[in-house]
Amino acid sequence: MSIRPAAITDSRDLTRFSHAERVVHWTLTVLMLGCIATAAILYNGFLGVPIGHRRVIELIHVYSGFALPLPVLAGLGFAAYRTDLRRLNRFRSSDWRWLRSRNRRDATFGVGKFNAGQKLNAALTAGSIVVLLGSGLLMYFPDVARLSWRAGATLVHDWFALGLGLLVCGHIVQAMHDPEARRGMRTGQVSRGWALRHHAEWADEVDAGLSQAADAAPPS
């Protein structure tokens, strides 16, 4: 798909995320960062000793972890959120081409609202939350399982926590390199030029929806 030169500088805004989606994202972000920060304090004596209050840190870690699925479940009550979940759950042949592309930032072939990297990030994050929640429950309620299960749960929890922490750090680094993407999650709006450059198929889809709405509107 070719990019129209004039479209690159098109500064008109498109709505990328609804208010509900942004609330879910930022609530999940706060809970996730809380889990990561408290985990770092609990597992690192260099941080844990001067900060102290280990019991309080443990409680923040546990309840932040238990609360992680709640914003995701709450988001299911909104149509825009459910639509984006279906988009994230659909991996297409164009996504494989995006992954093989050497210049992914300029790859416009068939890139919809989310590129393959964002879909993989969402899948890995969701899977890690499920595993961490399950293993965390076994660790927090030791009487519900035998000792060997609890030992295994501790090992799984630690490694998945490390992997998820690295994944979140990578996500933040990517976001810091794209101010327009950050604006989309902060305000819900992105410029049409940015959308055509990075998510051309989605931009065309939004344009088509706006055109249909305009055609269906009664004449003034």
**Student:** Do V168 and L120 belong to the same hydrophobic cluster, where Ile, Leu, Val, Met, Phe, Trp and Tyr are linked whenever their side-chain heavy atoms lie under 4.5 Å apart, directly or via other members?
**Tutor:**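 Different clusters: V168 never reaches L120 through Ile, Leu, Val, Met, Phe, Trp or Tyr contacts under 4.5 Å.
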**Student:** Can you sort out the partners of T83 under side chain to side chain donor-acceptor pair (under 3.5 Å), two or more places apart, ordered by chain and number?
**Tutor:**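 R86.
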**Student:** Do L59 and V62 share a hydrophobic cluster (ILVMFWY, side-chain heavy atoms under 4.5 Å, transitive)?
**Tutor:**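 Hydrophobic grouping puts L59 with V62.
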**Student:** Applying side chain to side chain contact (heavy atoms under 4.5 Å, CB included) to L99 and F91, what does each step give before you reach the verdict?
**Tutor:** CA-CA 11 Å; L99 287 173; F91 214 82; 3.9 Å; yes
**Student:** For the side-chain contact (heavy atoms from CB on, under 4.5 Å) test, which of E201, H199, Q118 pairs with V111?
**Tutor:**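 Running side-chain contact (heavy atoms from CB on, under 4.5 Å) over E201, H199, Q118 with V111 returns exactly one hit, H199.
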**Student:** To the nearest 0.5 Å, what is the distance between CG on D95 and CZ on R97?
**Tutor:**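 Taking CG in D95 and CZ in R97, the distance rounds to 9.0 Å.
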**Student:** List for me each residue that meets side chain to side chain contact (heavy atoms under 4.5 Å, CB included) alongside A39, sequence neighbours excluded, and say none if there are none.
**Tutor:**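 H61.
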**Student:** Indicate if L73 and L85 have the same hydrophobic cluster label, given that clusters are the connected sets of ILVMFWY residues with side-chain heavy-atom separations under 4.5 angstrom.
**Tutor:**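 L73 and L85: one cluster.
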**Student:** Closest heavy-atom contact between L42 and R54?
**Tutor:**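 Closest heavy-atom pair between L42 and R54: O-NH1, 3.3 Å.
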**Student:** Taking the side chain from T27 and the backbone from V24, do they hold a donor-acceptor pair closer than 3.5 Å?
**Tutor:**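 Not at all, since once roles are kept as given, no pair shorter than 3.5 Å links the two residues.
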**Student:** For the side chain of R16 and the backbone of Q189, is there at least one donor-acceptor N/O pair under 3.5 Å apart?
**Tutor:**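 Not a single qualifying donor-acceptor pair exists.
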**Student:** Considering non-hydrogen atoms only, spot the tightest contact between L31 and S64 and give its length.
**Tutor:**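 Distance-wise, the nearest heavy atoms are O-CB, 3.9 Å.
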**Student:** Check the pair L76, V72 against side chain to side chain contact (heavy atoms under 4.5 Å, CB included), reporting the backbone distance first and the verdict last.
**Tutor:** CA-CA 7 Å; L76 296 176; V72 178; 5.5 Å; no
**Student:** Give the minimum heavy-atom separation between A195 and L14, together with the two atoms involved.
**Tutor:**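 Minimum heavy-atom separation between A195 and L14: CB-CD1, 4.0 Å.
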**Student:** Is it the case that over 12 heavy atoms from other parts of the model lie below 6.0 angstrom from the CZ atom of F66?
**Tutor:**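 Counting other residues, nucleotides and ligands, CZ of F66 exceeds 12 neighbours.
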**Student:** Could you walk me through whether M185 and R22 satisfy the side chain to side chain contact (heavy atoms under 4.5 Å, CB included) test, starting with their C-alpha distance in whole Å, then the side-chain angles of each, then the deciding distance to 0.1 Å, before giving a yes or no?
**Tutor:** CA-CA 6 Å; M185 188 51 73; R22 301 197 309 276; 4.2 Å; yes
**Student:** Mind checking whether I129 and L137 sit in one hydrophobic cluster, side chains of I, L, V, M, F, W, Y counted as touching below 4.5 Å?
**Tutor:**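 I129 and L137: separate clusters.
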**Student:** At what distance, to the nearest 0.5 angstrom, does CG of L68 lie from CG of L28?
**Tutor:**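 These two atoms lie 6.0 Å from each other.
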**Student:** Please report the shortest heavy-atom distance between V156 and V131, naming the atom on each side.
**Tutor:**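 That would be CG1-CG1, 3.5 Å.
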**Student:** Check the pair S191 / R12 against side chain to side chain contact (heavy atoms under 4.5 Å, CB included), numbers first and verdict last.
**Tutor:** CA-CA 5 Å; S191 69; R12 288 174 291 169; over 6 Å; no
**Student:** Taking side chain to side chain donor-acceptor pair (under 3.5 Å) as the test, write out the residues that go with N89, two or more places apart.
**Tutor:**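 Listed in chain order: nothing, the list is empty.
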**Student:** Atom CD1 in I36, atom CD1 in I41: separation rounded to 0.5 Å?
**Tutor:**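 Rounded to the nearest 0.5 Å, the CD1-CD1 separation comes to 12.5 Å.
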**Student:** Do H157 and L138 have side chains that approach each other closer than 4.5 Å (heavy atoms only, starting at C-beta)?
**Tutor:**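 SC-SC contact between H157 and L138 ruled out.
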**Student:** In plain terms, say whether R87 and E205 are close enough for a salt bridge, that is, a side-chain N and a carboxylate O under 4.0 Å apart.
**Tutor:**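 Salt bridge present between R87 and E205.
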**Student:** Answer yes or no: is there a donor N or O on one side and an acceptor on the other, between the side chain of R150 and the main chain of F141, under 3.5 Å?
**Tutor:**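 No; judged by distance alone, with no hydrogens or angles, the pair does not exist.
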**Student:** Would F114 and W202 count as a close aromatic pair, with their ring centres under 6.0 Å?
**Tutor:**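 Centroid separation for F114 and W202: 6.0 Å or greater.
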**Student:** Of all the heavy-atom pairs spanning L133 and G65, show the shortest one and how long it is.
**Tutor:**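 Looking at all heavy atoms of both residues, the shortest contact is CD1-O, 4.0 Å.
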**Student:** In Å, rounded to the nearest 0.5 Å, how long is the span from NE2 of H171 to CG of L124?
**Tutor:**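 One gets 12.5 Å once the value is rounded to the nearest 0.5 Å.
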**Student:** Given F17, which of V190, V23, T187, D84 fulfils the side-chain contact (heavy atoms from CB on, under 4.5 Å) condition?
**Tutor:**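 When V190, V23, T187, D84 are each tested with F17, the side-chain contact (heavy atoms from CB on, under 4.5 Å) holds only for D84.
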**Student:** Just wondering, are more than 12 heavy atoms of other shown residues or ligands nearer than 6.0 Å to CZ in F160?
**Tutor:**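 Result for CZ/F160: open.
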**Student:** In terms of hydrophobic clustering (I, L, V, M, F, W, Y; side-chain heavy atoms under 4.5 Å; direct or indirect links), are M139 and V130 co-clustered?
**Tutor:**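 No, separate clusters.
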**Student:** To the nearest 0.5 Å, what is the distance between CZ on F78 and OG on S18?
**Tutor:**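 Output value for this atom pair is 8.0 Å.
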**Student:** State, to 0.1 Å, how close G117 and W98 come at their nearest heavy-atom pair, and which atoms those are.
**Tutor:**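 Shortest heavy-atom separation between G117 and W98 comes out as N-CZ3, 3.3 Å.
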**Student:** Calculate, to the nearest 0.5 Å, the distance between atoms CG and CE belonging to L167 and M32 respectively.
**Tutor:**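 Going from CG on L167 over to CE on M32, the span is 8.5 Å.
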